[in-house]
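Take a look at the structure below.
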Amino acid sequence: MGFGSAKGSNEEAYLFQKLVRTGFKTNNVDHCTRLCHASSVAALLEGIGSGAVSNPVMDVTQAEVIIVIGANPTVNHPVAATWMKNAAKNGTKLVIMDPRKSDLTRLAHSHLQFTADTDVAMLNAMMHVIVEEGLVDQSFVEARTIGFDELKKNLEDYSPEKMAPICGVPADVLRETARLYATSRASMILWGMGVSQHVHGTDNARCLIALSLLTGQIGRPGTGLHPLRGQNNVQGASDAGLIPMMYPDYQKVVEPAARAKFEKAWKLAPGTLDDKPGLTVVEVMHAIGDGKVKGMYIMGENPAMSDPDANHAREMLAKLDHLVVQDIFLTETACLADVVLPASAFPEKTGTFTNTDRLVQMARQAIDPPGDAKQDLWIIQEIARRIGLDWDYKHVSEVFDEMRHTMPSISGMTWDRLEREHAVTYPCTNEGDPGQSVVFVNDFPRESGRARFVPADVIPAAEKPDAEFPMILITGRQLEHWHTGSMTRRATVLDAIEPDPVALVHPLDLAGLGVKPGELLTIESRRGKVSLYGRADESSPRGAVFVPFCYYEAAINRVTNDALDPVAKIPELKYCAVRVTAGGVAPQQVSFGGGQAMENSLASMNANL
Ligand SMILES: Nc1nc2c(c(=O)[nH]1)N[C@H]1C(S)=C(S)[C@@H](COP(=O)(O)OP(=O)(O)OC[C@H]3O[C@@H](n4cnc5c(=O)[nH]c(N)nc54)[C@H](O)[C@@H]3O)O[C@H]1N2
Ligand SMILES: Nc1nc2c(c(=O)[nH]1)N[C@H]1C(S)=C(S)[C@@H](COP(=O)(O)OP(=O)(O)OC[C@H]3O[C@@H](n4cnc5c(=O)[nH]c(N)nc54)[C@H](O)[C@@H]3O)O[C@H]1N2
Ligand SMILES: [Mo]
């Protein structure tokens, strides 16, 4: 199996999946999108026919109402947050829906601090109001959608009065918010991991899509759906086919026509390509346990830290016959590898990257890779050659050119134009097309041209609190650190600002545990435990602890649950049951210096693993 990277370029992602599909002869290729927006993409492809955003983030400045749900943009999308702040200052009504309080709530019209894990109850209640009070955009629903009757029937059971005790938001607030969203001139919804990382993540996203279709709040400037993308190139890596069930541009591996198309494009004999969808990121850890996967090639991902139930994931990575890790640092995953290939960071190579707005941007090499490090594209190509593939790309532009001939959404985009204009938005089908920043204006890219309502019912988290594990664990991010910390923990300034592993706990819960701010506490689930420092945090709801996953010395994914959403196979990183107790073993830190210090660090890191 191969894990590609959403930190690398489009061309690297494309060649990586081509290597796995044509060299390893399997569709076992995936990347961090599985842990990220897989559920949003599944729901969007099903309902609307396209997994990307309908409008750019900047469109919030043209909206009358903005809903931000399950995202913390001032921390995780600071540039996007700036547009939201500007919009709020200019009178746009900002509605935050989140179990935790974020900085942005200070500028918000309202904050629905609903109970974690109850998005479907809350959103169905809002849609119930829209139907009941005649706020449905009838002409939009009739002309541009299918499945309304089914949705309407399903919503009957979800009155705000009935849902209020479940989601913790008073019925009149649900009613008011529904009216506000439905009746504004332009409403936009932006969402993040709080929506997607649940066993019902696809259902959560289905509700957001239905809300926008029901009210016709899509297909115009300032109104639409925007799943805020995470990694710098996760949009591009997904588009380029780092997905086990899809070739580039979401063409399905199970469809004979798609297979034939790629066999032709890649000069393969008919019938060569694997016709079965491959394994996903979390599934592979179980497949290793079953002896079905024996080797892995991981480029620019750190699953020993980012995968749920990391104790199990690490055991499985260690069990592989052969593990190759290609990274810019010696990560926790690299510590488990047989071979480590030192690669290049983005300023050390040329390639294109696609941002959350569907904007394909040219990134040019500014410096040389250090020491023996090589450019990722070169490494991938050398591996391909050494396993007998007949590849001869002389320049990254040749890879891009091959991509655009297999990917309809960028088929009109040329390397020369990207060189000239630096960035072009897709869809860009014919050469010279301006590129569309707002899509779905006249129709949806589904067979009928219509979008589809998909009703959802309330499904609880896979693991609810009980007497033994009475609190819930929410994991996420901090401004100063990036994911597994492999880069930012080595950035001295950032690490000086947030140097120690912390758990954010409501002050009353902290007092109840007998822990003073800054003292040690231990978080334990059925799968593992970590000790770290308690921080009093009024933004957390009672009964929940929030922990960022960037600290190797208190790797919180040892505690999280790897239960999957059945449709998207995304794990429930935002919810599991834990027991929190005072005290514990102080986290052991290592130094990231070079030479002997690095040797010692590795030894101690290995001991930690
Ligand atoms: N500084 C920094 N920025 C980053 C990253 C980073 O590591 N560091 N990572 C990038 C990546 S890849 C991503 S995907 C994005 C993620 O960006 P976000 O999605 O903003 O990040 P998270 O912190 O994971 O969680 C978002 C919110 O989900 C809420 N939440 C928890 N449970 C629930 C629930 O049941 N329902 C709802 N609706 N909300 C809930 C949390 O309270 C939190 O506010 O950030 C990107 N930007
Ligand atoms: N508990 C918990 N776990 C989570 C999440 C959560 O909210 N809670 N969020 C999930 C989400 S949304 C995501 S996206 C994943 C992220 O999971 P990962 O992708 O595993 O995390 P990163 O730390 O971003 O790892 C990227 C690696 O790429 C390397 N790198 C950077 N640039 C390059 C390059 O150009 N070339 C190469 N070869 N390597 C490079 C970095 O050094 C780093 O080791 O984590 C998931 N895990
Ligand atoms: Mo992500």
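Just follow the structure's listing: the first ligand is 1, and inside any ligand the first atom is 1.
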Run the numbers for me: atoms of ligand 1, each under 4.0 Å from some heavy atom of Asp117, listed by number. 34 (C), 35 (O)
Looking only at protein heavy atoms, which one is nearest to atom 4 (C) of ligand 1, and how far off is it? Trp482 CZ3, 3.2 Å
Quick one: which of Gln197, His37, His481 has a heavy atom closest to atom 10 (C) of ligand 2? Gln197
State whether the number of non-hydrogen atoms from other residues, nucleotides or ligands found under 6.0 Å of Glu382 atom CD is greater than 12. yes
So is Glu480 close enough to ligand 1, meaning a heavy atom under 4.0 angstrom away? no
Numbering the atoms of ligand 1 from 1, which are under 4.0 Å from a heavy atom of Pro99? 30 (N), 32 (N), 33 (C), 34 (C), 37 (C), 39 (N), 40 (C)
Hey, is Thr484 touching ligand 2 through its side chain, its backbone, both or neither, going by heavy atoms under 4.0 Å? both
Within the 4.0 Å heavy-atom cut-off, what Cys36 brings close to ligand 2 is both
Closest non-hydrogen protein atom to atom 20 (O) of ligand 1, residue and atom name please, with distance? Asn72 N, 2.8 Å
Around atom 41 (C) of ligand 1, find the nearest protein heavy atom and jot down its residue, atom name and distance. Asp98 OD1, 3.4 Å
Do the non-hydrogen side-chain atoms of Tyr158 and Met127 ever get within less than 4.5 Å of each other? no
Would you call the rings of Tyr575 and His198 parallel, tilted or perpendicular, taking 30° and 60° as the class edges? tilted
Which ligand 1 atoms, with their elements, are less than 4.0 angstrom from a heavy-atom of Leu479? 1 (N)
Could you work out, for atom 34 (C) of ligand 1, the closest of Ala80, Gly194, Gly476, Cys550 by heavy-atom distance? Gly194
Are there more than 12 heavy atoms of other residues, nucleotides or ligands under 6.0 Å from atom CZ of Arg106? no
Going by atom types only, do Gln381 and Tyr393 share a side-chain donor-acceptor pair under 3.5 Å? no
Cationic tip of Arg477 within the cone over Phe549's six-membered ring, i.e. under 6.0 Å and within 45° of the normal? no
Any idea which protein heavy atom is nearest atom 19 (O) of ligand 2, and the distance to it? Gln231 NE2, 3.2 Å
Could you tell me whether ligand 1 has any atom less than 4.0 Å away from a heavy atom of Ser102? no
Would you check the N or O atoms of Gln478, main chain and side chain alike, for any that come under 3.5 Å of an N or O of ligand 1? yes
Quick one: CD on Glu348 to CG on Asp376, what's the gap to the nearest 0.5 Å? 9.5 Å
To the nearest 0.5 Å, atom CG of Leu112 lies from atom CD1 of Ile67 at 8.5 Å
Protein residue, atom and distance nearest to atom 38 (N) of ligand 1, heavy-atom basis: Asp119 OD2, 2.7 Å
Do His200 and Asp117 have a side chain donor and acceptor closer than 3.5 Å? yes
What atoms of ligand 1 come closer than 4.0 angstrom to any heavy atom of Ile474? 31 (C)
Counting each atom of ligand 1 from 1 as listed, which ones have a heavy atom of Gly192 under 4.0 Å away? 19 (O)
Once rounded to the nearest 0.5 Å, what's the spacing between atom CG of Leu174 and atom SG of Cys167? 5.0 Å
Centroid separation under 6.0 Å, is that true for the rings of His31 and Phe16? no
Decide whether Thr352 and Glu11 meet the rule of one side-chain donor and one side-chain acceptor closer than 3.5 Å. yes
Please state which protein non-hydrogen atom is closest to atom 26 (C) of ligand 1 and give its distance, to 0.1 Å? Gly70 O, 3.3 Å
Check: of His483, Glu572, Met193, min heavy-atom distance to atom 24 (O) of ligand 2 comes from His483
Proximity of Met305 to ligand 2 by residue part, where a heavy atom lies under 4.0 Å: neither
Heavy atoms only: which of Asp376, Asn561, Asn302, Asp327 lies closest to atom 25 (O) of ligand 2? Asn302
Hey, what do you get for OG (Ser9) to CG (Leu15), rounding to the nearest 0.5 Å? 8.5 Å
The closest protein heavy-atom partner of atom 2 (C) of ligand 2 is Thr475 OG1, 3.3 Å
Nearest protein heavy atom to atom 30 (N) of ligand 2, by residue and atom, and its distance? Ile328 CG1, 3.8 Å
Which residue and non-hydrogen atom of the protein lie closest to atom 32 (N) of ligand 2, and at what distance in Å? Lys7 CB, 3.7 Å
Under 4.0 angstrom from ligand 1, any heavy atom of Phe114? yes
Could you find the nearest protein heavy atom to atom 47 (N) of ligand 2 and give me its residue, atom name and distance? Ser306 O, 2.9 Å
Among Gly300, Pro347, Pro342, whose heavy atom sits nearest atom 28 (O) of ligand 2? Gly300
Looking only at non-hydrogen atoms, the one of Cys32, Ala304, Ala343 nearest atom 15 (C) of ligand 2 is Cys32
Under 3.5 Å, is there a donor-acceptor pair linking the side chains of Ser39 and Asp565? no
Heavy-atom pairs closer than 4.0 Å: do any link ligand 1 to the side chain of Leu228, the backbone, both, or neither? neither
Compute whether any side-chain donor of one residue and acceptor of the other, for His226 and Thr356, lie under 3.5 angstrom apart. yes
Heavy-atom distances under 4.0 Å decide this one: backbone, side chain, both or neither, for Arg477 against ligand 2? side chain
For atom 46 (C) of ligand 1, what's the nearest protein heavy-atom neighbour? Residue, atom name and distance, please. Asn76 O, 3.7 Å
Test item: side-chain donor near acceptor, Glu332 and Asn302, under 3.5 Å: yes
Give the numbers and elements of all ligand 1 atoms closer than 4.0 Å to a heavy atom of Lys574. 22 (P), 24 (O), 25 (O), 28 (O), 31 (C)
With a 4.0 Å cut-off, would you call Lys349 and Glu12 a salt bridge? yes
Can you tell me how the ring of His37 sits relative to the ring of Trp191, calling it parallel under 30°, perpendicular over 60° and tilted otherwise? perpendicular
Of all the atoms in ligand 1, which lie at a distance below 4.0 Å from a heavy atom belonging to Ile69? 38 (N)
Ligand 2 contact by His31, heavy-atom criterion under 4.0 angstrom: no
Identity and distance of the protein heavy atom lying nearest atom 13 (C) of ligand 1: Gly230 CA, 3.2 Å
For His77, take its heavy atoms, then give the atoms of ligand 1 lying under 4.0 Å from any of them. 15 (C), 17 (O), 45 (O)
Write out the residue and atom name of the closest protein heavy atom to atom 3 (N) of ligand 2, then the distance separating them to 0.1 Å. Asn557 ND2, 3.1 Å
Could you find the nearest protein heavy atom to atom 35 (O) of ligand 2 and give me its residue, atom name and distance? Lys349 NZ, 2.7 Å
Rounded to the nearest 0.5 Å, how far apart are CG of Leu123 and CG of Leu211? 6.5 Å
So that I know where these two stand, are Phe353 and Phe346 an aromatic pair - ring centroids less than 6.0 Å apart? no
Suppose we measure from atom 6 (C) of ligand 2 to each protein heavy atom; which comes out shortest, and what is that distance? Phe549 CE2, 3.4 Å
Check whether any heavy atom of Ser344 sits under 4.0 Å from an atom of ligand 2. yes
